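Heads up, the thing below is written out as structure tokens.
Everything quoted here is computed from the prediction, not taken from an experiment.
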Amino acid sequence: AGTGGAYAGSGGIQLRTASTTLYSGVRIKNTHGSGTLTVSYDSAAGSTTAMTGGWDLDDREEVFIEVNNLNKVFVRGTVDAGIAYSYYAT
């Protein structure tokens, strides 16, 4: 479990840069209150070459992504001050 902030204007930041093996996946929730959080999955882990289009999460929306490592998940916000989010990985 964890929290973080994602900023506008970037190609996305990794949820975790270190390799973190998962058994099921990760649930990510936009907890900011305004703005959109885009969550993307990259099967190449660490590069954005295999990035999917992603899921746009408005305030309080969440998504579960079946993924085997946290370093394959990227987040990006629409607010320059940053978008707060939380995640729970299993």
Side-chain angles (χ1 to χ4, degrees):
T3 60
Y7 298 91
S10 69
I13 59 171
Q14 281 179 295
L15 210 59
R16 298 280 299 212
T17 54
S19 178
T20 306
T21 302
L22 303 177
Y23 296 100
S24 180
V26 62
R27 180 173 307 281
I28 303 170
K29 182 175 186 174
N30 177 351
T31 59
H32 187 70
S34 64
T36 301
L37 177 71
T38 301
V39 180
S40 300
Y41 167 76
D42 178 15
S43 60
S47 71
T48 55
T49 56
M51 186 81 73
T52 64
W55 299 268
D56 291 332
L57 305 179
D58 290 326
D59 179 39
R60 308 293 179 222
E61 289 186 327
E62 59 186 57
V63 64
F64 181 81
I65 303 170
E66 291 184 31
V67 62
N68 62 1
N69 203 304
L70 274 181
N71 66 2
K72 295 180 179 181
V73 180
F74 289 75
V75 292
R76 181 178 63 249
T78 59
V79 178
D80 287 334
I83 296 284
Y85 63 89
S86 63
Y87 65 92
Y88 181 77
T90 56

For the residue pair [X] and [Y], what are the closest heavy atoms and their distance?
X     : Y     : answer
Asn69 : Ser19 : ND2-OG, 2.9 Å
Asn71 : Ala18 : CB-O, 3.9 Å
Ser40 : Gly54 : OG-CA, 3.8 Å

> Who passes side chain to side chain contact (heavy atoms under 4.5 Å, CB included) against Asp59, sequence neighbours left out?
Replying inline: none
Got a second to check how far [X]'s [atom1] is from [Y]'s [atom2], nearest 0.5 Å?
X     : Y     : atom1 : atom2 : answer
Trp55 : Thr38 : CH2   : OG1   : 11.0 Å
Tyr88 : Ile28 : OH    : CD1   : 14.5 Å
Gln14 : Thr20 : CD    : OG1   : 10.0 Å

> Just by modelled atom types, is the Leu22 backbone N or O under 3.5 Å from a matching donor or acceptor in the Ser24 side chain?
Replying inline: no
> Does Val39 offer a backbone N or O that forms a donor-acceptor pair with the side chain of Arg76 under 3.5 Å?
Replying inline: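 Side chain of Arg76 to backbone of Val39, a donor-acceptor pair under 3.5 Å: no, none is there.
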> Passes side-chain contact (heavy atoms from CB on, under 4.5 Å), Tyr87 versus Leu70? Steps please.
Replying inline: CA-CA 10 Å; Tyr87 65 92; Leu70 274 181; 4.0 Å; yes
> What residue pairs, at least two apart or across chains, pass salt bridge (Lys or Arg N to Asp or Glu O under 4.0 Å) with a residue in residues 28-41?
Replying inline: none
>> Here's a test for you: under side-chain hydrogen bond (donor to acceptor under 3.5 Å, both in side chains), which of Asp58, Asn30, Asp56 qualifies with Thr36?
In response: Asp58
> Does a side-chain heavy-atom distance below 4.5 Å link Leu57 with Tyr85?
Replying inline: no
